[in-house]
Amino acid sequence: MNIAVLGAGAWGTTFGQVLADAGNQVTMWDIDPESVNSINQEHRNPRRMPSIERLPDNVRATSDRQSAVACAEIVVVAIAAQHAREALEPFKAFMHSSTIVVSLMKGIERQTGQRMDQVVTEVLGLPLDRFAAVSGPNLSKEVAARQPSATVVASSSEQTALTVANACETAYFKPFVSSDVVGLELCGSLKNVTALAVGMSRGAGYGENTAAMIQARGLAEMTALGQAAGAQAKTFAGLAGVGDLIATCASSLSRNYTFGFNLGKGMSVEEASLASNGVAEGVPTTDAVVQLGQSLHVATPLATAMSHVLDQGLDGAGLVTELFGGPIIGE
Ligand SMILES: NC(=O)C1=CN([C@@H]2O[C@H](COP(=O)(O)OP(=O)(O)OC[C@H]3O[C@@H](n4cnc5c(N)ncnc54)[C@H](O)[C@@H]3O)[C@@H](O)[C@H]2O)C=CC1
Ligand SMILES: O=C(CO)COP(=O)(O)O
């Protein structure tokens with residue numbers, strides 16, 4: 001198939017390699033000419049994904065929006081979530097009516113509280129049955145090294161989910177299909193808030209018990225919010241939920257974990273942003289989760305405590321103290 005990937009960041013570049021390994025013709029688009037030039041001239045993207053030494057020959061790049069999507073049967077979006085709306089708008093005029101659009105993004109738009117499935121379908125005027133989300137425990141550096149990894153492809157259309165899953169299946173990358181788009185979107189976005197908090201507790205010097213407490217409470221919060229939003233609880237217990245939570249909260253490859261770790265070590269939000277090797281989606285998503293909880297009448301103690309870290313400078317010890325502040329009934 002001809003597949004366009006919008007956003008040659010760490011994950012877009014890596015997913016482009018997966019799609020190329022699966023036998024597709026891949027066209028990467030990026031707003032940054034440096035990434036486009038290095039992909040075309042050196043077959044690498046050292047700025048965003050330095051560990052890939054040579055991209056497959058069936059990956060090329062362009063800065064031209066029309067030529068990126070003109071022949072694409074699938075358009076994959078891998079742009080930092082807070083910029084997805086403005087980045088996608090100019091593509092609308094060039095999209096075919098039969099194109100499937102896939103989101104790899106794991107964030108909630110801060111200004112509107114919308115999930116990426118909502119942003120993408122709204123901006124492109126896309127019917128829901130031509131949208132799919134891909135999310136799972138997929139740390140880009142490990143997938144780039146072709147280490148065995150699995151993911152979930154969710155769409156309201158089984159045919160669309162299967163088309164996308166078939167297009168990205170390789171010997172090392174295994175997609176599973178689901179119909180729970182809302183659950184998948186919330187798993188990917190909400191686990192980043194928990195990863196920030198776990199990273200912060202580690203940076204502050206706390207050990208396994210504290211990390212496990214935060215992870216378990218984060219999972220409960222994600223699941224409660226998801227169910228209130230109409231998602232299936234089993235999605236949160238699966239690969240894209242607990243699976244991605246484990247990978248992200250345990251790895252210094254995660255930008256969210258590392259951002260939290262640096263905050264726990266005493267960096268300010270600005271210093272941690274400067275030190276971050278790519279987008280840490282949990283940072284802008286935290287406030288969106290607090291607001292989502294308020295609108296769905298679901299308590300979000302973890303996201304609320306994390307928002308006090310990001311907005312009011314609460315430190316690692318303060319974060320844990322705040323988490324201890326709830327009632328002793330239940331877990
Ligand atoms: N890196 C990873 O391991 C994984 C990342 N993701 C998700 O994929 C999405 C992208 O992540 P990465 O590629 O890792 O981030 P990155 O920080 O490496 O790249 C961000 C991308 O967004 C683009 N971008 C930013 N602002 C833009 C704008 N105004 N207009 C157009 N393009 C703009 C950049 O050019 C770049 O291509 C995020 O939502 C992330 O949560 C999902 C799974 C794994
Ligand atoms: O989503 C990811 C792994 O599944 C990547 O996590 P980070 O965005 O925190 O690096």
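Reckoned from all heavy atoms, side chains included, excluding hydrogens, waters and symmetry mates. Read the numbers this way: they start at 1 and go in the same order the structure lists the ligands and their atoms.
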Using a plain distance cutoff, I'd like to know if Tyr257 has any nitrogen or oxygen under 3.5 Å from a nitrogen or oxygen of ligand 2. no
Would one find an N or O of Pro137, backbone or side chain, under 3.5 Å from an N or O of ligand 2? no
Heavy-atom pairs closer than 4.0 Å: do any link ligand 1 to the side chain of [X], the backbone, both, or neither?
{"X": "Ser135", "value": "neither"}
{"X": "Ser140", "value": "both"}
{"X": "Asp32", "value": "neither"}

Distance in Å, [X] [atom1] paired with [Y] [atom2], rounded so as to fall on 0.5 Å steps:
{"X": "Ser63", "Y": "Asp30", "atom1": "OG", "atom2": "CG", "answer": "8.0 Å"}
{"X": "Ser98", "Y": "Ile74", "atom1": "OG", "atom2": "CD1", "answer": "11.0 Å"}
{"X": "Gln291", "Y": "Thr112", "atom1": "CD", "atom2": "OG1", "answer": "10.0 Å"}
{"X": "Ser135", "Y": "Met116", "atom1": "OG", "atom2": "CE", "answer": "12.5 Å"}
{"X": "Leu310", "Y": "Leu263", "atom1": "CG", "atom2": "CG", "answer": "6.5 Å"}

Suppose I only count heavy atoms of Asn256 and a 4.0 Å limit; which atoms of ligand 2 are within that range? 7 (P), 8 (O), 9 (O)
Does the ring of Phe91 carry Arg65 above it, NZ/CZ under 6.0 angstrom from centre and within 45° of its axis? yes
Does any N or O of ligand 1 fall below 3.5 Å from an N or O anywhere on [X], backbone included?
{"X": "Trp11", "result": "yes"}
{"X": "Ala87", "result": "no"}
{"X": "Val279", "result": "yes"}

Going by heavy atoms, is [X] under 4.0 Å from ligand 2?
{"X": "Lys106", "answer": "yes"}
{"X": "Ala195", "answer": "no"}
{"X": "Gly136", "answer": "yes"}

Report yes or no: do [X] and [Y] belong to one cluster of Ile/Leu/Val/Met/Phe/Trp/Tyr joined by side chain heavy-atom distances under 4.5 Å?
{"X": "Val119", "Y": "Trp29", "result": "yes"}
{"X": "Val101", "Y": "Val123", "result": "yes"}
{"X": "Ile79", "Y": "Val283", "result": "no"}

Just jot down the ligand 1 atoms closer than 4.0 angstrom to any heavy atom of [X], in number order.
{"X": "Asn138", "value": "3 (O), 44 (C)"}
{"X": "Glu86", "value": "29 (N)"}
{"X": "Leu139", "value": "3 (O)"}
{"X": "Ala8", "value": "37 (O)"}
{"X": "Gly9", "value": "13 (O), 18 (O), 19 (O), 36 (C), 37 (O)"}
{"X": "Gly278", "value": "17 (O)"}
{"X": "Ile31", "value": "30 (N), 31 (C), 32 (N), 35 (O)"}

Which residue and heavy atom of the protein sit nearest [atom], plus the separation:
{"atom": "atom 18 (O) of ligand 1", "answer": "Ala10 N, 2.9 Å"}
{"atom": "atom 3 (C) of ligand 2", "answer": "Asp244 OD1, 3.6 Å"}
{"atom": "atom 7 (C) of ligand 1", "answer": "Leu104 O, 3.5 Å"}
{"atom": "atom 6 (O) of ligand 2", "answer": "Lys191 NZ, 3.5 Å"}
{"atom": "atom 38 (C) of ligand 1", "answer": "Glu281 OE2, 3.1 Å"}
{"atom": "atom 33 (C) of ligand 1", "answer": "Ile79 CG2, 3.7 Å"}
{"atom": "atom 37 (O) of ligand 1", "answer": "Asp30 OD2, 2.6 Å"}
{"atom": "atom 34 (C) of ligand 1", "answer": "Arg48 NH2, 3.6 Å"}
{"atom": "atom 8 (O) of ligand 2", "answer": "Arg255 NH2, 3.0 Å"}
{"atom": "atom 27 (C) of ligand 1", "answer": "His83 CB, 3.7 Å"}
{"atom": "atom 10 (C) of ligand 1", "answer": "Ala78 O, 3.6 Å"}

Hey, are the side chains of Val143 and Phe15 touching, using non-hydrogen atoms and a 4.5 Å cut-off? no
Taking the side chain as C-beta and beyond, is there a heavy-atom pair between Val77 and Leu88 under 4.5 Å? yes
Considering all heavy atoms of both residues, which atom of Thr210 and which atom of Ser201 are nearest to each other, and what is their separation? CG2-OG, 4.0 Å
Between Trp11 and Asn138, is the side-chain contact (heavy atoms from CB on, under 4.5 Å) condition met? List the steps. CA-CA 9 Å; Trp11 187 222; Asn138 299 148; 3.5 Å; yes
Trace of the salt bridge (Lys or Arg N to Asp or Glu O under 4.0 Å) decision for Glu53 with Arg44: CA-CA 6 Å; Glu53 283 180 14; Arg44 297 191 62 213; over 6 Å; no
side-chain contact (heavy atoms from CB on, under 4.5 Å) evaluation trace for Asn37 with Glu42: CA-CA 8 Å; Asn37 289 339; Glu42 303 161 38; over 6 Å; no
Just go through Glu142, Arg255, Met105 and tell me whose heavy atom is the nearest to atom 11 (O) of ligand 1. Arg255
Return the option from Gly7, Ala80, Ala144 holding the heavy atom at the smallest distance from atom 20 (C) of ligand 1. Ala80
Do we see a donor-acceptor contact under 3.5 Å between the side chains of Gln25 and Arg60? no
Consider only side-chain N and O atoms of Thr248 and Asp244, and report whether a donor and an acceptor are under 3.5 Å apart. yes
Might you work through the salt bridge (Lys or Arg N to Asp or Glu O under 4.0 Å) test for Asp21 and Arg146, ending with a clear yes or no? CA-CA 10 Å; Asp21 286 347; Arg146 301 186 171 95; 2.7 Å; yes
Record the part of Leu139 in heavy-atom contact with ligand 2 below 4.0 Å; permitted values are side chain, backbone, both and neither. both
Donor-acceptor check, side chain of Lys106 to backbone of Gly136, threshold 3.5 angstrom: yes or no? yes
